[in-house]
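Here the structure comes first, spelled out in structure tokens, and everything after it is commentary.
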Amino acid sequence: MKRLALSSLMAFSGSMAAAQDTTVFTNANVLTMDTEFSMVQAMAIQGNRILAVGAQADVMAEAGENATVVDLAGSTVLPGFIDAHSHPVGGGASSVFDNVGIDRFSTVEEALGYMKEATKDQGSFDWALFVNLDLATQSFADGPVTRDHLDVIAPDTPMVIWQAGGHKMTVNSVMFELMGVSDEAKDPEGAQFGRFEDGRPDGNLSGSALLFGALGVIEPYNSYDRIEGSVALAKEWNAQGLTTLGVAGVASPKDWGVFEELAARDDFPLRTRNYLQWGALVQWDQAGVAPGQGNEKSRIVGWKISADGSNQAFTGLQREPYLNSDNLGLAYMSQYDIDTAVVRGTKRGGQMAMHGNGNAAIDNIISAVQKARDAGLDVVRPRIEHCSITEDDQIAKLKELDISCSFLIAHVLYWGAAFRDTVFGPEKAVKLDRTGSFESAGVPYSLHTDYSVSVLSPLEMVEAAVTRSLFTDPETVLGENERASVDMALRAVTSVPAFQLLSEEEIGSLEVGKLADFVILGQNPREVAADQIDEIEVKQTWMDGKRVH
């Protein structure tokens, strides 16, 4: 057998893949992520499939004498990481917006000062586009940001601030003109204008109908090259060990065409599992697009609905008001509409991925699934997206109804202090992303970035779930009892999202016959200190039997 050191393989792997059909990885810690969490010493791949895993001698014998052998010198092998909920195309297009978030400016005043300087020479044919302003974490002495503030900065230029979390925008008067919004404008269903005391829209937009309306007129956003941008992003994600993305909301047949084109390209080394936006149902029917279509590279697995908004934007729907207010958030859909979507979506085939941040929105989703099940409908692996604030009674119902969840764990890491101090208060904030309670109750969960809401690496997500430390105060833990075990956190970026994405027969664990998607790490996450998991080196990433990083 031909033997290569890992360093030699890094330079040789491209030509080797064409010359050798079978490769054996030996002297490794292979964390298979199978049901027993087995750890073995070797793995063989043949073409784009896993040929064997197990004891080194057994795997070598299965591979045969003509196989290429790679000595991993004690490195750790895991299934390729999966981000269960992302927006790679729309999120990539958001790169046309200039970041003014907490990582750059500690106050809104500082951010507004930067925006004024950045737009001082712009005119009516330019765009003033900014993203990630966060009123929950960036202090502002002047109350809410309104179009009055933006009109001072950009009186002649369309200006947009897409706030952190993605569920709220602030626009200026020029943007209102482009959108056709008058001072007498009414709130669309499931959306809401912020308003001045005299009732005029104040420039703040909440809800999908208004946000999509704004995005529809932003020329740089719409002309962004989504194909080439996604290819560039894929390389960054491969470097983090990612091989599969759950795409939480394909907006139109045109956007599905983007994923079909990406799937046909060798330079887009990622799998996507896609959910169709339920609100575009007429377009899907006209185009003949439905769950089940696609291939191993890119496939439609279900439907996406949104029951509410974002907690940090104060539009997540709550049982009780936000801290120091009478605001209960915003229902994007009525209970009837959620009930109807679950029934009709299930009958059309595919899975229901249901966005719910506030505990009242989660109540509505649970109720819809319960009604459908009671009526004899087989709701396929329902999942709640974000599932941010959950109560004990809800966790019990999730277990009873076989509903899984996916957590945006950056909520804890980056917004934990804000949830504690300004959004909910300390008692409710510890109910955020309850990884520990879900694990104890046996309710499956995955982790996700909601890219571009956050840009965590999978290992950073694992660390965040295990430590629950705050970015602004690493010594502070948000809910000590809600810490995840390392094993469960690793499952949350491998086997659980594979199951949630209806793909557990293909990916998510290193087992014979599955696709050869895996990552090689410099250390074993089970053996390093919890606060050092994110520092583990991603040495290599393989997708479809080829090294892509």
Report the distance from atom [atom1] of [X] to atom [atom2] of [Y], rounding to the nearest 0.5 Å.
X	Y	atom1	atom2	value
Phe176	Leu205	CZ	CG	5.5 Å
Leu31	Leu510	CG	CG	8.5 Å
Leu501	Glu506	CG	CD	10.5 Å
His355	Asp450	NE2	CG	8.5 Å
Asp433	Ile389	CG	CD1	7.5 Å
Gln293	Trp284	CD	CH2	10.0 Å

Can you confirm whether the side chains of [X] and [Y] place a donor and an acceptor under 3.5 Å from each other?
X	Y	result
Asp134	Trp415	yes
Ser509	Asp34	no
Gln46	Thr22	yes
Thr170	Asn204	yes
Asp337	Ser334	yes
Gln163	Asn132	no
Ser503	Arg273	yes
Ser446	Gln500	yes
Asp308	Thr315	no

Polar side-chain atom of [X] near backbone of [Y] as donor-acceptor pair, under 3.5 Å:
X	Y	result
Thr346	Val343	no
Lys297	Ala263	yes
Asp83	His85	yes
Asp225	Gly229	no
Arg104	Asn99	yes
Ser223	Glu219	yes
Asp187	Phe193	yes
Arg547	Gln540	no
Arg381	Asp402	no
Gln335	Asn364	yes

Look at the aromatic rings of [X] and [Y] and report parallel, tilted or perpendicular, splitting at 30° and 60°.
X	Y	answer
Trp303	Trp278	perpendicular
His448	His386	tilted
Tyr445	Phe407	tilted

Stepwise salt bridge (charged side-chain N to carboxylate O under 4.0 Å, His left out) check, Asp267 with Arg265
CA-CA 5 Å; Asp267 59 353; Arg265 290 181 58 149; 2.8 Å; yes

Evaluate the side-chain proximity of [Y] to [X]: yes if any heavy-atom separation is below 4.5 Å, no if none is.
X	Y	answer
Leu515	Asn48	yes
Gln351	Pro291	no
Ile50	Glu511	no
Thr272	Thr244	no
Val453	Leu408	yes
Ile409	Leu456	yes
Val519	Gln240	no

Under the ring pair (Phe, Tyr, Trp, His ring centres under 6.0 Å) criterion, do Phe81 and Trp237 qualify, and how do the steps go?
CA-CA 10 Å; Phe81 294 134; Trp237 286 322; over 10 Å; no

Quick one: are the ring centres of Trp542 and Phe25 less than 6.0 Å apart?
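Ring centroids of Trp542 and Phe25 are less than 6.0 Å from each other.
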
Report the C-alpha separation of Tyr414 and Phe471 in whole Å, then their side-chain angles, then the decisive distance to 0.1 Å, and conclude whether the ring pair (Phe, Tyr, Trp, His ring centres under 6.0 Å) test is met.
CA-CA 6 Å; Tyr414 290 119; Phe471 175 76; 4.9 Å; yes

Write down the atom of [X], the atom of [Y], and the distance for their closest heavy-atom approach.
X	Y	result
Val96	Pro220	CG1-O, 3.8 Å
Asp126	Pro158	O-CD, 3.4 Å
Leu233	Pro88	CD1-O, 3.8 Å
Met175	Met159	CG-O, 3.5 Å
Ile536	Leu521	CG2-CB, 3.8 Å
Thr541	Leu242	CG2-O, 4.1 Å

Is it possible for you to check whether Arg226 lies under 6.0 Å from the centre of the six-membered ring of Tyr221, through NZ or CZ, and within 45° of that ring's axis?
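Satisfied, under 6.0 Å and within 45°.
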
Using the rule given for side chain to side chain donor-acceptor pair (under 3.5 Å), can you reason through Ser252 versus Gln283, listing the C-alpha separation, both sets of side-chain angles and the distance that settles it, and then say yes or no?
CA-CA 7 Å; Ser252 67; Gln283 295 181 55; 5.1 Å; no

List the steps and the verdict of side chain to side chain contact (heavy atoms under 4.5 Å, CB included) for Thr390 and Asn359.
CA-CA 6 Å; Thr390 46; Asn359 50 17; over 6 Å; no

Please lay out, stage by stage, how Arg271 and Glu296 fare under the test side chain to side chain contact (heavy atoms under 4.5 Å, CB included).
CA-CA 7 Å; Arg271 303 187 195 283; Glu296 291 175 349; 4.0 Å; yes

Go through the steps to decide whether Lys168 and Ser310 satisfy the test side chain to side chain contact (heavy atoms under 4.5 Å, CB included), and finish with yes or no.
CA-CA 8 Å; Lys168 191 170 185 177; Ser310 164; over 6 Å; no

Asn274 and side-chain contact (heavy atoms from CB on, under 4.5 Å): which single residue from Leu245, Asp255, Val247 fits?
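Looking at Leu245, Asp255, Val247, the match for Asn274 under the side-chain contact (heavy atoms from CB on, under 4.5 Å) is Val247.
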
Qualifying residue for side-chain contact (heavy atoms from CB on, under 4.5 Å) with Ile520, from Val77, Val538, Val30
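Per the side-chain contact (heavy atoms from CB on, under 4.5 Å) rule, the option paired with Ile520 is Val77, out of Val77, Val538, Val30.
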
Would you say that more than 12 heavy atoms from the other residues, nucleotides or ligands in this model lie under 6.0 Å from the CG of Asn295, or not?
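Yes, CG of Asn295 has more than 12 neighbouring heavy atoms, counting only those of other groups under 6.0 Å.
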
May I have the step-by-step check of side chain to side chain contact (heavy atoms under 4.5 Å, CB included) for Val342 and Val379, ending in yes or no?
CA-CA 8 Å; Val342 169; Val379 183; 4.2 Å; yes

